[in-house]
There are 2 protein chains.
Amino acid sequence: MKAEALKGHLDALLLATVDGGAEYGYAIREVLRTESGGEFDLPTGTIYPALYRLERGGLIVGQWTKVGVRRRRRCYRLTPAGRRALVAQRASWSKFSTAVSSVLLQERTWSTTT
Amino acid sequence: MKAEALKGHLDALLLATVDGGAEYGYAIREVLRTESGGEFDLPTGTIYPALYRLERGGLIVGQWTKVGVRRRRRCYRLTPAGRRALVAQRASWSKFSTAVSSVLLQERTWSTTT
DNA sequence: GGTTATGGCTAGCATTGCTACTCATAGGCG
DNA sequence: CGCCTATGAGTAGCAATGCTAGCCATAACC
């Protein structure tokens, strides 16, 4: 996958993943990789700053939790605004992907590309 | 449509459009708007630099043509490399959109987002 | 004559995801 | 015990790319 392909769509993916239960960066990464059939194998340098952005934007809220004795996780949940954003992003993705597909995958009658 | 949504996909759209006959910037814009159902209403500041990039990359070749008396158009055709790129981009788009959709539009059993 | 459509172009910006690290705890294994 | 891997989080700086906001010219229409 080209590096730029994700641009503008990552937020939606993260919101959708977080919506699937209280999640944290590391787990989100695994879930994204699995659910995407391996397409999205995102570096942590992509995940964490993005979560940060979403939190700053008020779409998710993070909370430190303890794992074991001195291990910590930052768990995120969607805010109401985040939930609305997710709905909007899904709709937006549908429109976008439909549009791209209709341009890209269109059958052309004169498509005997000489 | 968010500004960044297109990133990484514009080249494919342009290649596909140029593949639909010898086209030039202005016409490409119209075709994209029409075929996308209005989703892609791209400013010329997006189109022309992008065509330039594609030409520099050897995926299309441009040629000035005269329209009327002293009007000019830069008409583009796909090169063999461009045609190969288009095939690759279509495949890549399919994989990408499938992946995004499976993350975004997935039905979750526990989706009663409390 | 003035407005709109056709046609092309550019400098500089803003956003965003990636690269390439750092740091720490925990568990497994020779 | 010492090393390697997995888990978990983070950052500075970069590169790419599409957009903003302009510019210019010809042609057509009223």
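Below, chains carry the letters A, B, ... as their sequence lines are ordered, and counting in each starts from 1. No hydrogens, no waters, no symmetry mates; every other heavy atom, side chains included, goes into these values.
- In this structure, B:M1 places its CE atom 9 Å from C1' of D:dG18, rounding to the nearest Å.
- Rounded to whole Å, atom P of D:dT20 lies 11 Å from atom CG of B:D41.
- Whole-Å rounding puts the B:R70 CZ to C:dG8 P distance at 18 Å.
- Proximity of a side-chain donor or acceptor of A:H9 to a complementary backbone N or O of B:V100 within less than 3.5 Å is not detected.
- Atom CG in B:D11 sits about 9 Å away from atom C1' in D:dT17, given to the nearest Å.
- Atom CD in B:E30 sits roughly 14 Å away from atom C1' in C:dT4 (whole-Å rounding).
- Using a 4.0 Å cut-off between a side-chain N of Lys or Arg and a carboxylate O of Asp or Glu, B:K7 and B:E4 do not qualify as a salt bridge.
- To the nearest 0.5 angstrom, B:M1 atom CE is 6.0 Å from B:F40 atom CZ.
- Atom-to-atom, NZ of B:K66 to P of C:dG8 comes out at 15 Å; the value is rounded to the nearest Å.
- The local environment of CD in A:E30 is crowded, with over 12 non-hydrogen atoms from other residues, nucleotides or ligands closer than 6.0 Å.
- Partners of B:S101 under the side-chain hydrogen bond (donor to acceptor under 3.5 Å, both in side chains) rule, at least two apart in sequence or in another chain, are A:W93.
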Nucleic acid footprint by protein, nucleotides 9-16 of chain D - heavy-atom cut-off 4.0 Å, B for base, S for sugar-phosphate alone
BBB----B
Pair up each side-chain donor or acceptor in residues 48-59 of chain B with any protein partner under 3.5 Å, not counting sequence neighbours, and list the distances.
{"unit_1": "B:E55", "atom_1": "OE2", "unit_2": "B:G62", "atom_2": "N", "d": "3.0"}
{"unit_1": "B:E55", "atom_1": "OE2", "unit_2": "B:R74", "atom_2": "NH2", "d": "2.8"}

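- Rounded to an integer number of Å, the gap from B:L51 CG to C:dG7 P is 14 Å.
- The closest side-chain heavy-atom distance from A:V67 to A:R72 is not below 4.5 Å.
- Residue-level contact check: B:I47 touches neither bases nor backbone, having no heavy atom under 4.0 Å from any strand.
- Remark: A:R53 is not in phosphate contact with C:dT15, judged by side-chain N or O atoms under 4.0 Å from OP1 or OP2.
- Rounded to whole Å, the distance from CG on A:L13 to C1' on C:dG17 is 13 Å.
- Residue A:G68 is out of contact with every strand shown, counting any heavy-atom pair closer than 4.0 Å.
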